[in-house]
**Student:** 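Got a structure here, written out as structure tokens. Questions coming.
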Number of protein chains: 2
Amino acid sequence: MTKAAGSVPAVSSLPSGPGPREAAGEGGRASRTDHVVAGIARLIIDGDLAPGDRLPVEKDLAARFDVSRGSLREAVRALAALGVVESRQGDGTYVTSLDPALLVGPLGLAVDLQAAGHGSHIHSVRRLLEVEAAGLAASRSRAPGADLSDAVAALEEAAAMAADAAMVADADFDHAAFLDLDLAFHRALGVASGNPVLAALIEALAGRTARHRLLRSATVAGVAQRTQAEHEAILTAVTDGDPERARVGMAAHLLAVEDFLRESE
Amino acid sequence: MTKAAGSVPAVSSLPSGPGPREAAGEGGRASRTDHVVAGIARLIIDGDLAPGDRLPVEKDLAARFDVSRGSLREAVRALAALGVVESRQGDGTYVTSLDPALLVGPLGLAVDLQAAGHGSHIHSVRRLLEVEAAGLAASRSRAPGADLSDAVAALEEAAAMAADAAMVADADFDHAAFLDLDLAFHRALGVASGNPVLAALIEALAGRTARHRLLRSATVAGVAQRTQAEHEAILTAVTDGDPERARVGMAAHLLAVEDFLRESE
DNA sequence: GGTGGTAATTCATCAGATGACTCAATAGGG
DNA sequence: CCCTATTGAGTCATCTGATGAATTACCACC
């Protein structure tokens, strides 16, 4: 059984000659389709195709790369899965905005696929990223362009739910909706860090996997109130422009979540 | 211009019902192929297909999802681009190991595509990750299972090159080879952190983009020696089990690199 | 028993044709 | 004159069928 290192040969060997991995030996002989993937990617890297640009029609592209339409479509589909291009029936195929948020999309699937195996490792990285994001958001909370309205909105909505929680039966509490607001808060804080790459990575790592598992354990009484309190402490530190408190608050909050997940396993 | 949020609809809507994004409205009506991608992914998530398992032959899979072989192949190609499956002509299609290192592969292409726009943001995240990795590596340098031999090897080889550099003309110095050793050192330190997810993300962010730009600026005299000295300081701190020194050393080193990149633009 | 070749299996690629969808130009009515 | 509905060209989505290339396993042969 080979190491299966040649699954994305075209992508990996793009920037400069043979990369450190899959250098020369190894089986992975590039297929026709792989060449097309690399070719289109290069068109974008070299600037021949800019974000929003429309690609030539399938027939022309197939002729340009000397492949059949079927093979060309496989290549385009691969790039679409990576978030690089987008095909619209009846219209054409376009280069996406290439925003980090789009391009890290595949990472979300990766998290789903092996969360079981490396769950704790993923969470460690997530914590690292979110703590940094909280600190950055606090540092620039008074700077022009800082926008914490999304975080505030999510938190206020969640506060309303938490207040109602005391009055309704636990079974009636909409845990899923509360969890969505939870994720929205974390996402907003990531955006508020001012680093879109950081925000995109957080987005990819934060949601998804945690969602199912948290939904199970979220039925424990008092969790909503506790989460809400921790979130509010973090937001206060951020709006006050206190990076140290924001970092500690976020770290404590995420460690508590990790403890929760560990117990419920 | 639409938000282009529907490029990976099948992937995003996997784990639980409709996610926060692309919930209901929006154009992105899933294509036949998207359904197949989601279907195969679900087979893996649900455990019906484990890493290393072989998928049914194309004809059977196509029949199972009620699509033509062409559409099925597009779906498989998309999953192959994501590093989830791997097709071998004459043999079959297999689920990959699903190691983090494989699944973050697409991120490398993402970095290449928009490094121009978000270069500094990417570097900031890289620095954050590598500083943490250095700290972790130092913390567990004396723990069982810790293996710094790769880092040591890369550094010794680089030291030999740096020593020779004083004797050969600058034009004869193999900057590309030295840079590869540089990247190998950083990669080894990522692995030594003990967190494979962290190591994979570093791998995806570290190389690639920096490579071209660094190659240009690497011709400046003394850079090799300076890089070597900084690396040695970091490794010493790691082997001494001094996380604080390791973190600071790595942060200083990467900030120096960033300064270098900024100047050469 | 070991070795070589051959056949079956499987993915890779091609070719042609039809349907679905989008957009824009155009003709008609108000 | 403006607005709307129809129509047409252009483009992607999908299907069908067939051929080539690579791998594997089996079997005859030495």
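First the proteins, then the strands, lettered A, B, ... as listed; each starts at 1.
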**Student:** Who passes side chain to side chain contact (heavy atoms under 4.5 Å, CB included) against B:Val191, sequence neighbours left out?
**Tutor:** B:Ala199
**Student:** What is the per-nucleotide protein-contact pattern of nucleotides 4-12 of chain C, from the 5' end, where B denotes a base atom under 4.0 Å from a protein heavy atom, S denotes such proximity for sugar-phosphate atoms only, and - denotes neither?
**Tutor:** -----BBBB
**Student:** Residues in salt bridge (charged side-chain N to carboxylate O under 4.0 Å, His left out) with B:Glu74, at least two apart?
**Tutor:** A:Arg73, A:Arg77
**Student:** What residue pairs, at least two apart or across chains, pass ring-ring contact (aromatic ring centres under 6.0 Å, His included) with a residue in residues 180-204 of chain A?
**Tutor:**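 Residue pairs with at least one partner in residues 180-204 of chain A: A:Phe185-A:His231, A:His186-A:His231, A:His186-A:His253.
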**Student:** For A:Asp66, give me all partners under side chain to side chain contact (heavy atoms under 4.5 Å, CB included), at least two apart in sequence or on another chain.
**Tutor:** none
**Student:** What residues, two or more places apart in sequence or in another chain, satisfy salt bridge (charged side-chain N to carboxylate O under 4.0 Å, His left out) together with B:Asp48?
**Tutor:** none
**Student:** By the 4.0 Å heavy-atom rule, please label A:Asp66 as base, sugar-phosphate, or nothing.
**Tutor:**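 Answer is sugar-phosphate: A:Asp66 comes under 4.0 Å of backbone atoms only.
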**Student:** State which residues pass side chain to side chain contact (heavy atoms under 4.5 Å, CB included) with B:Asp150; sequence neighbours excluded, sorted by chain then number.
**Tutor:**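 Side chain to side chain contact (heavy atoms under 4.5 Å, CB included) list for B:Asp150, sorted by chain: B:Ala188.
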**Student:** Go through the structure and list residues passing side chain to side chain contact (heavy atoms under 4.5 Å, CB included) with A:Arg32, not counting sequence neighbours.
**Tutor:** A:Val67
**Student:** What are the bounds, 5' to 3', of the part of DNA chain D that sits under 4.0 Å from heavy atoms of chain B?
**Tutor:** D:dT14 to D:dT24
**Student:** Mind checking whether B:Val125 and B:Leu129 have side chains closer than 4.5 Å, heavy atoms only?
**Tutor:** yes
